[in-house]
Amino acid sequence: VTDARPIGVFDSGVGGLTVLREILRRTPDESTLYLGDNARAPYGTRPDREVLRFSTEALDALVERDVKAIVVACNTSTAVALSAARRRYDLPILGVIRPGAVTAALTTRNRRVGVIATPATIRSRAYFGAIKDENPAVEVYEHSTPAFVPMVEAGRLAGPDVDAAVAEALAPLLGERDAGGEFVFPLPPSARIDTLLLGCTHYPLLRSAIAAVAGEHIAIVDSATATASALAELLSINGLEAPTELRRQPTHVQLTTGDVAVFRSIAGRMFGDGFADVQPVEVGRTSAAAGGPAIVVAR
Ligand code: DGL
């Protein structure tokens, strides 16, 4: 069996395009329908009840468009709203946290993992719980780095000032360095991590800067890549893979609740290339969203 319908990919804004990019690499025959809630981004600094309501409204809009499965690409939304979404819709829904957590737990050798993410994701302790589920012997050190999302969206991905901002944001986790680049003792216990998990959509774009600060003894893992692999498995288990006939071209559409031109320009700053098919979308017309009746999708 195959299923030609698109995969729905949801994010608070443009950051989830890092997850989309990995999905296109891993499962190139699949069509995708991406929805970015740019009008209300960022989510990572909002209270949980807003993240839950906005996520539900946006996911309703994706489900209405007949997607065969959904990837919640936003870490914040996964942390706060994934369980509610799985109760609400009758289709497979994958978040980014468990795939990333499993990869991190399997990567660490000394059983010490650091996680960086938005304040809302860290507050939820979702990564902590998911890594402990995989291996309770792993020590998990979580740290929020709220400076990164605005920096990435401004197109600041590399350079001396980015390196300095990354070093400053990671200092509480990895230890402080003096002006000469030498570590200032005592180091925090979290400085002994051997694996750092990038628990936010935007952070893979800062990967080189983060890796330079972390040094060669710390492995960097990101949830975007791990999620794309988990999605491939999900599609295969469920008989949902796209047909692979010759000449069949998958389609890729991006919807934004915000301004189309703004979406294009932020995405261009972050990824350097245009996302061709960007269309406006309205979400949340049905005010019943968060508490309303579940939408049942016939298979
Ligand atoms: N997509 C969000 C996440 O992965 C980051 C941007 C935001 O705060 O909305 O947590």
Side-chain angles (χ1 to χ4, degrees), residues 8-23 34-59 62 70-82 85 93-101 103-104 115-128 130 142-157 166 169 196-207 210 220-228 230-231 254-259 262-263 266-267 269-271 275 283:
V9 180
F10 164 59
D11 182 48
S12 56
V14 282
L17 294 172
T18 55
V19 180
L20 181 69
R21 189 171 63 172
E22 296 306 327
I23 292 173
Y34 181 96
L35 194 155
D37 191 8
N38 295 72
R40 304 184 289 193
Y43 280 12
T45 45
R46 289 183 183 277
D48 289 1
R49 61 175 197 302
E50 280 181 8
V51 175
L52 179 61
R53 180 162 67 85
F54 296 168
S55 302
T56 306
E57 289 173 356
L59 290 169
L62 269 182
I70 286 182
V71 175
V72 179
C74 178
N75 291 256
T76 303
S77 183
T78 299
V80 175
L82 183 67
I93 305 182
L94 191 64
V96 280
I97 290 186
R98 190 157 295 275
T103 307
V115 180
I116 51 173
T118 65
T121 300
I122 297 301
R123 189 173 64 227
S124 75
R125 311 215 71 197
Y127 271 111
F128 181 91
E142 295 184 289
H143 179 59
S144 74
T145 43
F148 289 179
V149 165
M151 195 164 81
V152 168
E153 294 203 355
R156 295 172 54 212
L157 308 179
V166 169
L196 178 62
L197 176 53
L198 310 185
C200 175
T201 46
H202 291 57
Y203 299 1
L205 295 164
L206 292 173
R207 196 187 180 105
I210 292 171
I220 313 275
V221 301
D222 75 78
S223 291
T225 319
T227 300
L231 174 67
Q254 290 88 47
L255 305 174
T256 175
T257 60
D259 188 273
V262 172
F263 183 100
I266 303 176
R269 277 204 294 274
M270 289 167 63
F271 297 93
F275 285 83
V283 304

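The basis for the numbers below is simple: all heavy atoms, side chains too, and nothing from hydrogens, waters or symmetry mates. For ligands, and for the atoms within them, numbers begin at 1 and follow the listed sequence.
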(Q) For a side-chain contact (heavy atoms from CB on, under 4.5 Å) check, start with the C-alpha distance between Thr256 and Tyr34, then their side-chain angles and the critical distance, and finish with the verdict. (A) CA-CA 8 Å; Thr256 175; Tyr34 181 96; over 6 Å; no
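- Here Thr225 pairs with Asp222 under the side chain to side chain donor-acceptor pair (under 3.5 Å) rule; sequence neighbours left out.
- Heavy-atom contacts from other residues, nucleotides or ligands closer than 6.0 Å to CZ of Arg98 number 12 or fewer.
- Under the side chain to side chain donor-acceptor pair (under 3.5 Å) criterion, Tyr43 pairs with Asp37, sequence neighbours left out.
- The side-chain contact (heavy atoms from CB on, under 4.5 Å) with Thr201 is formed by just one residue from the set Thr76, Asn75, Val96; it is Asn75.
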Please tabulate, line by line, the atom pairs linking an N/O of ligand 1 to a protein N/O at a distance below 3.5 Å, with the distance in Å to 0.1, or answer 'none'.
from	atom 1	to	atom 2	distance (Å)
ligand 1	1 (N)	Asp11	OD1	2.9
ligand 1	1 (N)	Ser12	OG	3.2
ligand 1	1 (N)	Thr201	OG1	2.9
ligand 1	4 (O)	Asn75	N	3.0
ligand 1	4 (O)	Asn75	ND2	3.1
ligand 1	4 (O)	Thr201	N	3.0
ligand 1	4 (O)	Thr201	OG1	3.2
ligand 1	8 (O)	Tyr43	N	3.4
ligand 1	8 (O)	Gly44	N	2.8
ligand 1	9 (O)	Ser12	OG	2.6
ligand 1	9 (O)	Tyr43	N	2.7
ligand 1	10 (O)	Thr76	N	3.1
ligand 1	10 (O)	Thr76	OG1	2.6

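- Remark: Ser77 engages Ser55 in a side chain to side chain donor-acceptor pair (under 3.5 Å) (not counting sequence neighbours).
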